[in-house]
Each structure stands twice: as structure tokens, then as C-alpha cells.
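Heavy-atom basis, side chains included; hydrogens, waters and symmetry copies ignored. Chain identifiers are assigned alphabetically (A, B, ...) following the order of the sequence lines, protein sequences preceding nucleic acid strands; residue numbering begins at 1 within each chain.
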2 protein chains.
Amino acid sequence: MAKADLSREAIVDRALAVADAEGLDAVTVRRLAQELGVTPMALYWHVKNKDEVLDAMGDRLFETVDYASPDGATWDEQLRAVVRGLVEAFRAHPVCVDLAYRRVFECEEGLQLAEHTLGLLRGAGFADRQAADIATRSLQTALMLVTSEPGAEPGSTPEAAHAKLAEKRAGIAALPIDRFPNIHALAGFMLYCDDVEAYYDFNVDLFVNGARTALAA
Amino acid sequence: MAKADLSREAIVDRALAVADAEGLDAVTVRRLAQELGVTPMALYWHVKNKDEVLDAMGDRLFETVDYASPDGATWDEQLRAVVRGLVEAFRAHPVCVDLAYRRVFECEEGLQLAEHTLGLLRGAGFADRQAADIATRSLQTALMLVTSEPGAEPGSTPEAAHAKLAEKRAGIAALPIDRFPNIHALAGFMLYCDDVEAYYDFNVDLFVNGARTALAA
DNA sequence: ACCTGAACACCGTTCAAGT
DNA sequence: ACCTGAACACCGTTCAAGT
């Protein structure tokens with residue numbers, strides 16, 4: 001469609017936009033070419049192959065992570081800042097978080113983040129094995145909180161998302177209440193989130209508290 | 001190849017075997033047909049489409065979860081049993097865990113597990129919102145521990161896995177040590193796990209401890 | 001330097017036809 | 001009831017050719 005000059009940047013921009021709107025499956029070489037007003041083969045001049053586009057999309061997420069914490073912050077405040085920073089960055093492109101995950105050690109910003117996180121954990125007094133585990137888990141925690149934010153159906157148009165949720169709700173409503181009383185009682189909380197900030201606060205705390213307890217032991 | 005009578009069961013068996021050996025991308029309708037000594041279209045008699053195969057693969061994982069805990073177990077012991085049970089089931093087919101994740105509320109065993117977990121958390125005294133979150137997180141925790149077990153390269157042949165790890169190791173070794181000292185120091189722990197049981201013990205505890213702290217607050 | 005046409009080897013799926 | 005042949009609309013990618 002738009003004829004803005006083709007470039008690696010432009011391709012990745014478009015890929016992110018398509019992914020946000022219609023999910024990762026909609027990101028195809030041919031689709032991107034069409035949106036960019038060009039033949040599919042034109043992309044191969046700017047990019048080695050589709051995987052390189054996917055990788056670049058993942059790298060983008062790390063480029064926007066802000067994990068700074070105020071001077072004098074304790075290690076657990078710093079750890080919370082890391083997870084919250086990742087959460088904020090991931091929420092901008094929920095369907096792309098898996099792309100980002102495998103790029104931590106492959107892009108500059110991912111490496112900086114890893115270095116920072118490992119450093120603060122070692123400084124806190126964690127053993128090496130534990131520091132490595134907790135750093136990995138902080139990234140994964142952000143990833144899974146975003147991908148499963150209750151009520152969010154990333155990669156779907158608003159109408160489609162609404163339909164999917166209605167279907168899930170109906171599926172649960174059809175369950176025998178005597179066998180699944182707890183699912184019935186809590187279905188609302190798993191399918192809808194009235195306070196997104198509270199959701200992230202509680203779950204990030206859950207993680208940081210686990211780490212704090214591990215250090216004490 | 002083998003000419004065992006075609007059936008839904010046989011198709012899913014084969015799909016799991018292919019996924020385990022070569023990853024999810026290798027699971028195609030045509031490949032399964034070839035392995036089963038039949039034309040691709042034959043599968044469509046036993047199965048609606050490929051998605052149904054993928055769904056059935058996910059369901060299989062839940063069918064093997066053993067989350068029983070001894071009589072009189074405390075809520076946190078029960079929660080640990082749930083996560084450990086999921087971990088054991090997932091480890092049998094690491095590349096299929098994402099398939100399983102989205103099937104919790106769509107298969108009998110997944111529903112039973114969810115019901116059990118929600119029940120024990122409510123019994124422990126968690127508020128509804130928190131019980132829902134922690135139940136979700138217990139499934140996700142098992143999922144991510146298995147998918148990122150250090151040194152495991154699921155869906156790769158042993159040689160390919162070895163090559164991938166060597167490449168990662170080389171990538172980190174090539175990093176400037178003055179900018180990434182912590183990554184250098186801990187790279188070994190992120191790429192290799194000398195004691196897999198200890199890895200799961202520590203990380204499951206990390207999660208359960210977080211929950212315990214949340215209840216106390 | 002940058003893009004296209006034509007072609008290749010793959011997908012999943014349908015549908016009429018065979019036994 | 002169960003399977004096949006032929007066909008369709010998609011993929012990613014290569015490579016020689018155009019400007």
C-alpha cells in the first residue's frame with residue numbers, strides 16, 4: 001500500500017504492526033511485501049530471510065525496556081524494576097514476547113539487561129546457580145504475565161477477541177457445577193481483569209517475594 | 001512406513017514422536033501421512049484438521065499428570081505436588097508444553113487439575129482473585145521451567161543440540177569481558193545444569209515460597 | 001544499488017471418486 | 001467405512017534478469 005522507501009527498519013515496523021493487529025501467523029513475507037507495495041522478493045535485498053525479520057522484531061522489544069531504579073534502591077526494588085520494565089515493554093507487543101525471549105543473549109539491549117540483573121542478584125548475595133535461575137525467571141515471569149493477562153486476546157481484532165472470550169465463558173458455564181465448583185466460582189477472574197495494574201502488582205510481588213525468601217534461606 | 005491401522009490415536013502418537021525428535025515444525029500433515037504409510041488425505045477421515053491433532057497432543061500431556069499428595073498434606077505441599085506433577089509430565093514432551101497450556105480448560109484432565117488447584121488455594125485462605133492468579137502461575141511455572149531447562153535443546157537431535165550449545169557458548173565467550181563480567185561468570189549455569197533435580201527443586205520452591213508470603217500478607 | 005518474473009519445493013485442505 | 005488422485009490457494013526462497 002504505502003510506498004515509503006523500503007528498508008530493514010520499515011519491514012520490521014510493518015511486521016510488528018501486522019503482528020499486533022492479526023497475530024504472528026499473519027506475518028508472512030508475501031503479506032509484508034503487499035503492505036509495503038512491493039514484490040515479495042524485494043524484501044530479500046534488505047533482509048536475509050524471514051527469521052531475520054522475526055529476530056529483529058524480538059530485539060525491538062528489548063530496545064524499549066526501561067529498568068532503571070532510583071539511586072540507593074535495594075536489590076529487591078531493583079529486581080521489581082526489571083520485571084516491571086519488561087512487562088511494560090512486552091505489553092506494547094504481546095504476541096511478540098516469545099520472539100524477544102530467545103533474543104536476550106543475541107542483542108545489545110538484552111545483554112545489558114541480563115548483565116544488570118545478574119549483577120544485582122550477585123550483589124544481593126545469591127549463589128551463582130541461584131542468580132542465574134532467578135535472572136532467567138524474571139524474564140520469563142514478565143513474559144507469562146503479559147501473554148496471559150486475563151481478558152486479553154492478543155493478536156485478535158476487538159470483535160474477534162470479544163467472541164473468543166464469550167466462547168470461553170460459555171464453555172465454562174456448560175461445565176457440571178457439582179464437579180467443578182471452584183472453576184465456576186473463579187471463572188470471572190480468569191477471563192476478565194477489572195484492575196490490570198493490581199494484577200501486575202500482585203504477580204510481580206509474588207515473584208519478588210519468592211526471591212526474597214530464597215535469599216533468607 | 002509402518003502400516004499399523006490408522007486411527008486418531010495412532011496419528012497423535014506419531015505426531016508426539018515426531019515433535020519430540022525434530023520439533024513442532026516437523027509435524028506436518030504430509031509428514032505424518034508418510035510415516036504412517038498413507039496419503040495425506042487419509043488423515044482427514046480420522047481427524048478434522050491439523051489443529052485438532054495439535055490440540056490432542058496437548059491433551060495427552062495433561063492425561064499423564066500425577067499431582068496426588070499424601071493425606072493430610074498442607075496446602076503448600078499440595079501446591080508443590082501440582083507443579084512437580086506438571087513438570088514431570090511436561091518433561092516427557094518439552095516441545096509440546098505450549099500446546100498443553102492452552103488446553104487446560106478444554107480437556108477433562110486439565111479441568112480436574114484446575115479444579116483441584118483452585119480448591120486447595122481457596123481452602124488455604126487466598127482471596128478469589130489471588131487463587132485464580134496463583135493457579136494460572138503454577139501451570140506457567142512448570143511450563144517455563146521445562147522449556148528453559150539449562151542445557152536442554154528440545155526438538156533437536158543430540159548432535160544438533162550439542163552444536164547449538166557450543167554456538168551459544170562461543171557467542172558469550174566473544175563478548176567483551178569488561179562490559180559483561182557477570183554474564184561471563186554465570187554463562188556456565190545458564191547453558192548447563194549439573195543437577196537437574198536441584199534445578200527443579202530450587203525453582204519450584206521459589207514459586208511456592210512466593211505464594212506462602214502472599215498468603216501471610 | 002535495488003527491484004522483478006518465473007520457478008521450485010513445500011504447506012493445509014477440499015472434493016469427487018474409488019474400494 | 002475408509003482411502004486416494006487431482007487440484008487449489010497458500011507458504012519461503014533462489015536466481016537470472018531487468019533498471
Can you tell whether the side chains of [X] and [Y] come within less than 4.0 Å, N to carboxylate O?
| X | Y | value |
| --- | --- | --- |
| R103(B) | E63(B) | no |
| E167(A) | K164(A) | no |
| E197(B) | R84(B) | yes |

- [ ] Evaluate whether atom NZ of K168(A) has more than 12 neighbouring non-hydrogen atoms of other residues, nucleotides or ligands under 6.0 angstrom away.
- [x] no

[options]: which one has an atom nearest the side-chain heavy atoms of [X]?
| X | options | answer |
| --- | --- | --- |
| T28(A) | dG12(D), dA6(D), dC3(D) | dG12(D) |
| Y44(A) | dC15(D), dG12(D), dT4(D) | dG12(D) |
| A42(A) | dC3(C), dA6(C), dT13(C) | dC3(C) |
| M41(A) | dT14(D), dG12(D), dT13(C) | dT14(D) |
| V38(A) | dC3(C), dG12(D), dG12(C) | dC3(C) |
| T39(B) | dT13(C), dT13(D), dG5(D) | dG5(D) |

If I take atom [atom1] in residue [X] and atom [atom2] in nucleotide [N], what distance separates them, rounded to the nearest angstrom?
| X | N | atom1 | atom2 | value |
| --- | --- | --- | --- | --- |
| L43(B) | dT4(D) | CG | P | 9 Å |
| Q34(A) | dC10(D) | CD | C1' | 13 Å |
| L36(B) | dT4(D) | CG | C1' | 16 Å |
| R30(A) | dA9(D) | CZ | C1' | 10 Å |
| K48(A) | dG12(D) | NZ | C1' | 13 Å |
| D25(B) | dC11(D) | CG | C1' | 13 Å |
| W45(B) | dA17(C) | CH2 | P | 17 Å |
| L32(B) | dG12(C) | CG | C1' | 12 Å |

Task: Base-pairing mate for dA7(D) - Watson-Crick or G-U, with both contacts under 3.5 Å - done: dT13(C)

- [ ] Measure the acute angle between the ring planes of H116(B) and Y67(B), then classify it against the limits of 30° and 60° as parallel, tilted or perpendicular.
- [x] tilted

TODO: May I ask you to evaluate whether H46(B) reaches the phosphate of dA1(D), defined as a side-chain N or O under 4.0 Å from OP1 or OP2?
DONE: no

